[in-house]
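Following: one structure in structure tokens, then a few remarks.
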2 protein chains.
Amino acid sequence: MSDATRDRLLATAKTHFAERGFYGASIAQIATELGLTKQALLYHFKRKEDLYAEILQAISERLIALVHDTASPGDPPERRFEDMILGLFIASREYPLDSRIITRELLDNQIRAKTAKSWYLEPFLEELVAALQAVPGLEKLPASRAFCIVYQLLGSIEYFAISGTTLESIYGASRHERFRADFPIELRHQIRRYIDEARSGFAGADY
Amino acid sequence: MSDATRDRLLATAKTHFAERGFYGASIAQIATELGLTKQALLYHFKRKEDLYAEILQAISERLIALVHDTASPGDPPERRFEDMILGLFIASREYPLDSRIITRELLDNQIRAKTAKSWYLEPFLEELVAALQAVPGLEKLPASRAFCIVYQLLGSIEYFAISGTTLESIYGASRHERFRADFPIELRHQIRRYIDEARSGFAGADY
DNA sequence: TAGCATACTTACCGTTCGGTAAGTGTCAAA
DNA sequence: TTTGACACTTACCGAACGGTAAGTATGCTA
């Protein structure tokens, strides 16, 4: 199988898994959309589970690469952290299907954990927590507090990303577009405020 | 059907829908867990869809009641808003299944929208946006900015709520417990930062 | 005691699911 | 010219799905 066709199969499969979930998606439907039979798909990926695992794997790698690459090494830590978070937001717009799959995986984890190999959110989260703790004034921020901040920002981004269709149906396309424009502004304010507090010592005294 | 048995059926069904999603859950399995046959369930709720709709309906009503009731009418608006958001967090711990179902519904909306009636997130969101805009100094905060703040807080809460099993498997029960303790502390800080920032920055040319 | 609603059960329907087995056509290398 | 890997297809399989139809035990009401 050439890389091109492989990418094509994975891309189509991804849309199905993202929209319907692992159990809701069927390999027969994916194959039909690709102009193939179900068995042709099973020839390339022995089991449905394997096909899905490859998609998850690619997403994990992209996430880790993202937090690794978006921030410039020369920038001050607070700028680096901000770039990482805003990079996540931009990526969530660029790869909306990935956000859906990640969230579905969080939800299905309990059931699927038996059969599927657990996946690789940890290094990604660790990187973000470390980036926050690298900010001057936050060196001694407890790991659990740093984690909460990171996860709150991440949750804001991902939850908004998966809400696209619902918000559009409630508020209409144009107002949803304004939300999407304003969202990173509020996100940036939140990050900067946090770092300012840390600098001025408020946060430190509070802990 | 008595209210008690009705509640019992809905409660068991809810766990299945929350853990496996609408398509992943099967009425036969739900019935078996209840000690009934599939047809007994279908006797009380004509279709699987109807059973699910009742669960969604109850969740919607609880959410709206929550934002209505948690904040004390006499308190200042900023306190009321803070109480609402923290009330949501507490509720997300008390009813973790509801968070799962809400998030699943956001994800499945695109597919299910054809068959299912759309549901009632809007009044709940409107109430929160109005509560934020009632804060002194934020009366003229644009609705779309207020919405972003509300949705970021909501996303933080719900995303954390559905991540329980995953976080526990990554970090272990004890560290997860610390996250759960620290989370509302950071959440409260986050709320106050949003309000402070909106107040001080709103007049600025930044917007 | 007859009638009737309630709360089920058993039996069955057609469809779809993931997955296996075996066959077919193509095409490049030996 | 044969071999054999590759990329499929057709033909199945058993299991599970949601849903319908028809029958049955129970218990209240007229």
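Just so we're clear, the structure is a prediction, and the values are computed from it rather than from any experiment. All heavy atoms count here, side chains included; hydrogens, waters and symmetry mates do not. Below, chain A is the first sequence line, B the second, and so on; all start at residue 1.
Scanning for ring-ring contact (aromatic ring centres under 6.0 Å, His included) contacts around A:Tyr95 gives an empty result, with sequence neighbours left out. Among residues two or more places apart in sequence or in another chain, the ring-ring contact (aromatic ring centres under 6.0 Å, His included) test is passed with A:Phe147 by A:Tyr151, B:Tyr171, B:Phe179.
Salt-bridge annotation for A:Lys14 and A:Asp98: present, with a side-chain N of the basic residue lying under 4.0 Å from a carboxylate O of the acidic one. A salt bridge is defined here as a Lys NZ or Arg NE, NH1 or NH2 lying under 4.0 Å from an Asp or Glu carboxylate O, and B:Glu105 with B:Arg112 meets this definition. Taking a cutoff of 4.0 Å between a charged side-chain nitrogen and a carboxylate oxygen, A:Arg8 and A:Asp3 do not qualify as a salt bridge.
A heavy-atom distance below 4.0 Å to DNA chain C is reached by these residues of residues 32-43 of chain B, ordered by number: B:Leu36, B:Thr37, B:Gln39, B:Ala40, B:Tyr43.
No side-chain donor-acceptor contact under 3.5 Å links B:Glu139 to the backbone of B:Gln133.
A straight line from OH of A:Tyr23 to P of D:dA16 spans 14 Å, rounded to a whole angstrom. Atoms CZ (A:Arg8) and C1' (D:dC8) sit 13 Å apart, rounded to a whole Å. Atom CZ of A:Arg6 is separated from atom P of D:dA7 by 12 Å (rounded to the nearest Å). Atom P of nucleotide D:dA7 and atom NZ of A:Lys46 are separated by 16 Å, given to the nearest angstrom.
Between A:His44 and D:dC8 there is a side-chain polar atom (N or O) within less than 4.0 angstrom of OP1 or OP2.
Pairs passing the side chain to side chain donor-acceptor pair (under 3.5 Å) check and including a residue from residues 25-41 of chain A, sequence neighbours excluded, read A:His16-A:Glu33. Under the ring-ring contact (aromatic ring centres under 6.0 Å, His included) criterion, the residue pairs touching residues 43-77 of chain A are A:Phe17-A:Tyr52, A:Phe22-A:Tyr52, with sequence neighbours excluded.
Chain B approaches DNA chain C over the interval C:dT6 to C:dA11, counting the first and last nucleotide 5' to 3' with an atom under 4.0 Å from its heavy atoms.
Nucleic acid contact class of B:Ala31 (heavy atoms, under 4.0 Å, all strands): none.
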